[in-house]
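What follows is a set of notes on a single structure, which appears directly below.
Every chain is numbered from 1 and lettered A, B, ... according to where its sequence line falls, protein lines coming before strand lines. What you see is a predicted model; the values in this text were computed from it and never measured.
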Number of protein chains: 2
Amino acid sequence: MNVKSIPRPDYEEELRKAGIRITRPRRVILNILSETEGHPDALEIFHRAAAIDGSISLSTVYRTMKLLEGMGAIHRHAFEGGPSRFEQAGGGHHDHLIDIETGDVIEFKSDRIEQLQDEIARALGYDIVHHRLELYGRKRKRG
Amino acid sequence: MNVKSIPRPDYEEELRKAGIRITRPRRVILNILSETEGHPDALEIFHRAAAIDGSISLSTVYRTMKLLEGMGAIHRHAFEGGPSRFEQAGGGHHDHLIDIETGDVIEFKSDRIEQLQDEIARALGYDIVHHRLELYGRKRKRG
DNA sequence: AATGCAATTGCAAATCGTTTGCAACACGAG
DNA sequence: CTCGTGTTGCAAACGATTTGCAATTGCATT
């Protein structure tokens with residue numbers, strides 16, 4: 001079910017196409033992102049990057065994330081409580097279920113819910129620009 | 001449709017019952033909350049409170065909101081971008097549509113969506129503890 | 001009404017996640 | 001290889017919120 005099959009995105013190519021320089025720090029961060037399946041926060045990315053190149057700064061991680069976010073290459077999620085967490089774009093839209101005990105994030109998608117949201121917004125005289133649906137729960141003990 | 005009919009809650013009574021002292025700052029804040037329909041943030045509450053009693057501090061506003069939140073008397077919402085906004089509890093559960101141009105918040109409720117959320121969580125092996133559904137949109141130009 | 005003390009306050013300083021100013025530096029077009 | 005601009009690391013600034021502390025106050029008690 002939750003098996004992702006996102007093709008490793010070629011962020012470098014994307015950046016180049018957008019006329020943005022490929023620097024050493026960016027390359028390191030980009031590689032980390034493309035081989036990461038989960039929803040890491042800036043600190044996690046920074047630590048992994050620092051392990052590869054100790055001179056990379058947290059600022060640069062933040063700046064790079066903001067850059068990629070602006071390009072639409074990644075999404076930023078501000079789940080309750082913690083820092084922003086990032087995920088590769090390109091996997092198609094989905095919502096999130098957060099395990100409040102472990103922080104694990106499970107992705108899911110419901111066309112029916114999306115449709116209902118549209119109907120509600122329409123009924124209220126609005127067009128949805130984007131939305132946020134997060135379920136916070138804990139693993140059920142007995143199935 | 002969006003006509004609220006929440007009876008002015010008697011926060012003072014609630015606090016007293018919980019064995020919590022009624023102080024002058026708290027009384028002022030409580031009154032402001034009970035006569036406020038919208039979703040004010042701490043700063044707004046602070047300003048209104050300061051207009052009544054200039055010695056009230058922002059810290060006290062935050063402390064009081066946290067107290068009320070802990071008692072379940074109010075809810076805190078961290079909408080995208082801005083500071084936390086508060087609303088009286090007791091109006092029954094609902095979700096929010098945020099006008100991204102004005103910041104206005106419209107409440108709505110969909111049993112169908114709630115039900116679908118439960119089904120999804122269940123299918124993933126989880127029990128929902130709480131959830132967050134926020135629609136961000138702009139007013140439609142032509143109906 | 002006066003007493004006593006824990007709860008509460010205001011203030012300033014601390015916190016957390018994130019952004020920014022700046023001078024040094026390094027891409028990559030030429 | 002040179003040059004100009006984009007990027008960097010650093011430290012300081014940021015906005016929202018919380019906290020330590022000494023001074024104050026509510027209120028149960030006399």
Side-chain angles (χ1 to χ4, degrees), chain A residues 11-32 39-71 73-86 103, chain B residues 11-32 39-71 73-86 103:
Chain A
Y11 289 124
E12 258 187 68
E13 188 48 32
E14 270 192 73
L15 287 195
R16 219 181 291 279
K17 232 180 287 179
I20 287 162
R21 285 190 192 167
I22 308 301
T23 65
R24 176 144 173 49
R26 277 184 188 151
R27 211 185 321 262
V28 172
I29 294 169
L30 261 28
N31 283 339
I32 290 172
H39 298 70
D41 60 33
L43 244 294
E44 281 169 41
I45 295 166
F46 168 64
H47 285 137
R48 293 194 216 172
I52 294 168
D53 176 346
S55 74
I56 291 174
S57 75
L58 181 54
S59 307
T60 294
V61 172
Y62 275 113
R63 279 191 277 236
T64 303
M65 299 322 281
K66 174 160 291 194
L67 181 68
L68 295 173
E69 191 189 358
M71 298 175 45
I74 62 171
H75 292 312
R76 172 194 301 252
H77 300 292
F79 299 133
E80 281 187 5
S84 294
R85 298 171 65 169
F86 305 91
Chain B
Y11 289 124
E12 255 185 72
E13 188 49 30
E14 270 193 73
L15 286 195
R16 218 181 290 280
K17 234 179 285 181
I20 287 161
R21 285 189 191 168
I22 309 301
T23 65
R24 176 141 172 51
R26 279 186 188 151
R27 213 186 319 264
V28 171
I29 294 170
L30 261 27
N31 283 339
I32 290 171
H39 298 70
D41 62 32
L43 245 297
E44 280 169 43
I45 296 167
F46 168 64
H47 285 138
R48 293 194 216 173
I52 294 168
D53 177 347
S55 74
I56 291 174
S57 75
L58 181 55
S59 307
T60 294
V61 171
Y62 275 113
R63 279 191 276 235
T64 302
M65 300 322 279
K66 174 161 288 196
L67 180 69
L68 295 173
E69 190 188 359
M71 298 175 44
I74 63 171
H75 292 311
R76 172 194 300 252
H77 300 292
F79 299 133
E80 280 187 5
S84 293
R85 299 172 64 168
F86 305 92

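- Using a 4.5 Å heavy-atom threshold, the side chains of B:E44 and B:R85 count as separate.
- In this structure, B:F46 places its CZ atom 16 Å from P of D:dG15, rounding to the nearest Å.
- The two residues A:I56 and A:P25 come nearest to each other via the heavy atoms CD1-CA, 3.9 Å.
- Rounded to a whole Å, the CG atom of A:D41 is 12 Å from the C1' atom of C:dC16.
- B:L68 has its CG atom 16 Å from the C1' atom of D:dT17, to the nearest Å.
- The distance from atom CG of B:D41 to atom CZ of B:F79, rounded to the nearest 0.5 Å, is 11.5 Å.
- Here the P atom of nucleotide C:dG17 and the NE2 atom of A:H77 are 19 Å apart, to the nearest Å.
- Atom CE of A:M65 is separated from atom P of C:dT20 by 17 Å (rounded to the nearest Å).
- What separates CG of B:L30 from C1' of D:dG26 is a distance of 15 Å, to the nearest Å.
- The residue A:I22 sits close only to the backbone: its heavy atoms come under 4.0 Å of sugar-phosphate atoms, none of a base.
- Listed pair B:Y62 / D:dT17 meets the phosphate criterion, a side-chain N or O lying under 4.0 Å from OP1 or OP2.
- C:dT18 atom P lies 14 Å from atom CD of B:E80, rounded to whole Å.
- In this structure, the side chains of A:I52 and A:I32 come closer than 4.5 Å at one or more pairs of heavy atoms.
- Dashed line: the shortest gap from a side-chain N or O of B:K66 to OP1 or OP2 of D:dT17 is not under 4.0 Å.
- Taking every heavy atom of both residues into account, B:A49 and B:I29 meet most closely at CB-CG1, 4.4 Å.
- Side-chain contact between A:R63 and A:L67 is absent, with no heavy-atom pair separated by less than 4.5 Å.
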Close N or O pairs between protein and nucleotides 28-30 of chain D (under 3.5 Å):
none

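- Considering only heavy atoms from C-beta on, A:V61 stays 4.5 Å or farther from A:L43 through its side chain.
- For the pair A:L15 and A:M71, the minimum side-chain heavy-atom distance is below 4.5 Å.
- If you find the closest nucleotide of DNA chain D to B:G82 and to B:R16, the one lying nearer the 5' end belongs to B:G82.
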TODO: At under 4.0 Å between heavy atoms, which parts of nucleotides 3-15 of chain C does protein reach? Answer with one letter per nucleotide, 5' to 3': B base, S sugar-phosphate only, - none.
DONE: ---BBSBBBB---
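- With B:R16 contributing its side chain and B:I22 its backbone, the two residues share no donor-acceptor pair below 3.5 Å.
- In this structure, B:E44 atom CD and D:dG15 atom P are separated by 17 Å, rounded to whole Å.
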